[in-house]
Protein chains: 2
Amino acid sequence: MSTNDNSVNIKIDKRGYHHGDLRSALMQAGLELLKTRSADEVSLREIARMVGVSATAVYRHFPDKAALLGALCDEGGRELGRLQLDAMEKSGGGRTGFDAVGRAYVRFALDNPTLFRMMMTTRHAVDFLDMPAGRDSSALQLLRDNIASLAPAGASPEQRRVAALRAWSIVHGLAMLMLDNQVPAEDALIDAVIDSVSVGIAT
Amino acid sequence: MSTNDNSVNIKIDKRGYHHGDLRSALMQAGLELLKTRSADEVSLREIARMVGVSATAVYRHFPDKAALLGALCDEGGRELGRLQLDAMEKSGGGRTGFDAVGRAYVRFALDNPTLFRMMMTTRHAVDFLDMPAGRDSSALQLLRDNIASLAPAGASPEQRRVAALRAWSIVHGLAMLMLDNQVPAEDALIDAVIDSVSVGIAT
DNA sequence: CGGCAATGTTTACATCGATAACATGAGTAC
DNA sequence: GTACTCATGTTATCGATGTAAACATTGCCG
């Protein structure tokens with residue numbers, strides 16, 4: 001925020017034809033609007049208006065609207081990965097850590113409803129079983145690693161895979177149901193459902 | 001010009017200026033288009049064009065676009081309920097039946113991607129725990145009944161509630177992940193994850 | 001200092017959802 | 001049968017949107 005204030009001030013001072021860093025300004029404005037409106041209720045023109053730039057200026061930095069939103073998704077993905085990593089480290093590893101990661105997942109979804117939905121809908125098809133391991137999908141990576149360390153010693157790779165997918169399904173399904181108001185978004189409910197997750201895995 | 005063509009076609013169909021049953025014709029066309037395109041990629045005008053009627057004729061039967069889509073959601077909800085009931089009856093009750101219901105849920109989602117997404121996103125907020133029991137939410141009702149009959153005898157209402165939500169989260173999450181291409185939509189995978197659901201509940 | 005490439009702007013267009021005024025025709029009362 | 005009426009469909013139009021094309025400005029590199 002302080003950095004932005006600085007940029008803005010500088011821009012006001014210089015007040016130029018050229019915007020200091022339009023690309024990130026657009027992304028920030030877009031992110032802001034996505035907090036309220038849904039993805040297609042946000043227009044490029046509104047984003048541009050917000051930044052104080054002509055509507056078509058956007059096209060100097062993104063080929064089209066989808067590209068802008070895509071960039072936001074990427075950033076969201078990194079943020080989610082960071083939050084999950086944080087959650088796990090802060091709570092030690094093991095089952096507790098696993099639960100924390102799941103909670104972070106749901107929490108992120110609830111805190112960024114539209115962005116999360118877009119991240120999931122828009123994202124390139126990643127084959128769940130053989131993840132590139134170097135991708136920005138650190139969220140999934142974390143999930144997998146956790147499953148591996150929690151599953152019983154005798155579990156086959158296939159069993160681990162199913163357990164991981166099931167765990168992911170639970171947190172993802174819960175997040176979606178709450179996002180869509182099919183279920184009240186109560187913390188207690190999240191905790192209760194999440195707790196049962198790791199129990200199920202270790203079985 | 002193309003509108004004239006349409007009138008001609010309609011006349012051949014014995015109906016003149018007035019379409020026989022525009023409302024259901026529109027809904028059918030909409031449903032058809034939703035099989036391919038996503039919700040906001042489908043335009044009222046295209047639906048109208050498909051039926052061979054002017055764009056604004058839609059407004060004689062639906063107050064706006066959302067209303068048309070809402071009607072489709074309602075129909076989809078009834079269909080899903082029917083399929084689930086069918087699945088359970090055909091496979092006997094108990095755990096097997098419960099798995100069948102879950103499978104039907106996921107299958108429906110995969111067969112009607114956009115419609116399912118809309119049904120979940122658009123639907124009125126239903127409080128999961130005290131369902132009206134008479135609503136068209138027979139899908140949820142069925143889920144609840146199954147949970148009740150499968151949960152161990154000593155389970156508290158709260159435990160049953162969590163178990164139900166967890167089961168719902170699993171099938172819903174799995175459906176969503178597959179819809180969004182985050183996970184391959186393979187039957188074997190569905191079966192594997194679903195099987196583990198009832199096991200988890202009965203634990 | 002001069003010019004090029006990057007960055008913004010203006011103009012324009014097709015499409016969309018929606019409203020308003022008008023047209024048609026099916027059913028009904030006389 | 002004639003005339004009225006109202007549900008249903010049409011045409012005209014509006015403002016908003018995503019995007020392309022042509023034009024303007026300016027930072028930077030020789």
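Note on naming: letters A, B, ... go to the chains in the order of the sequence lines (proteins, then strands), and numbering restarts at 1 for each one.
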Please compare A:Asp64 and A:Arg60 by the position of their nearest nucleotide in DNA chain D and report the one closer to 5'.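 Checking each residue's closest nucleotide, the 5'-ward one belongs to A:Asp64.
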A:Pro63 or A:Glu46: which one's nearest nucleotide on DNA chain D is closer to the 5' end?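 In this pair, the answer is A:Glu46.
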Could you give the [atom1]-to-[atom2] distance, from [X] to [N], as a whole number of Å?
X: B:Ile47; N: D:dG9; atom1: CD1; atom2: P; value: 15 Å
X: B:Tyr59; N: C:dG17; atom1: OH; atom2: P; value: 7 Å
X: A:Leu26; N: D:dG18; atom1: CG; atom2: P; value: 13 Å
X: A:Arg23; N: C:dG8; atom1: CZ; atom2: P; value: 12 Å
X: B:Leu44; N: D:dT17; atom1: CG; atom2: C1'; value: 16 Å
X: A:Arg37; N: D:dA16; atom1: CZ; atom2: P; value: 14 Å
X: B:Lys65; N: D:dA16; atom1: NZ; atom2: P; value: 18 Å
X: B:Asp40; N: D:dT17; atom1: CG; atom2: P; value: 15 Å

State plainly whether the residues [X] and [Y] are in salt-bridge range, i.e. N to O under 4.0 Å.
X: B:Asp187; Y: B:Arg107; answer: yes
X: B:Arg161; Y: B:Glu158; answer: yes
X: A:Lys90; Y: A:Asp86; answer: yes

With sequence neighbours left out, write down each residue that passes side-chain contact (heavy atoms from CB on, under 4.5 Å) with A:Ser24, or none if nothing qualifies.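 For A:Ser24, the residues satisfying side-chain contact (heavy atoms from CB on, under 4.5 Å) (neighbours in sequence not counted) are A:Asp21.
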Residues in side-chain contact (heavy atoms from CB on, under 4.5 Å) contact with B:Asp64, at least two apart in sequence or another chain: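 Listed in chain order: B:Ala66, B:Ala67.
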Determine to 10° how strongly the helix from C:dC1-D:dG30 to C:dC30-D:dG1 is bent, judged from the axes of its five-pair ends.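 Answer rounded to 10°: the end axes differ by 10°.
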Looking at residues at least two apart in the chain, or sitting in another chain, which of them share a salt bridge (charged side-chain N to carboxylate O under 4.0 Å, His left out) with A:Glu79?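 Testing A:Glu79 for salt bridge (charged side-chain N to carboxylate O under 4.0 Å, His left out), a comparison that skips the adjacent residues, returns A:Arg82.
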Can you see if the side chain of B:His61 gets near the phosphate of D:dA7 - specifically, an N or O under 4.0 Å from OP1 or OP2?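 Answer is no, no contact under 4.0 Å.
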Look at all strands and tell whether B:Val42 reaches a base, only sugar-phosphate, or nothing, counting heavy atoms closer than 4.0 Å.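 Here B:Val42 touches the backbone only, sparing every base.
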Are any of the side-chain heavy atoms of A:Leu189 and A:Met178 separated by less than 4.5 Å?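 Yes; the side chains approach each other to less than 4.5 Å.
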Return the polar atom pairs (N/O with N/O) between nucleotides 13-15 of chain C and the protein under 3.5 Å, or none.
none

Record whether the side chain of B:Thr56 comes under 3.5 Å of the base of D:dT11 through a donor-acceptor pair of N or O atoms.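 Yes, a donor-acceptor pair under 3.5 Å.
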Among pairs that include at least one residue of residues 108-118 of chain B, which meet salt bridge (Lys or Arg N to Asp or Glu O under 4.0 Å), considering only residues two or more places apart or in two chains?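 Pairs touching residues 108-118 of chain B that pass the test: B:Arg117-B:Asp180.
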Can you label the angle between the A:His172 ring and the A:Phe116 ring as parallel, tilted or perpendicular, going by 30° and 60°?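 It falls in the tilted class, 30° to 60°.
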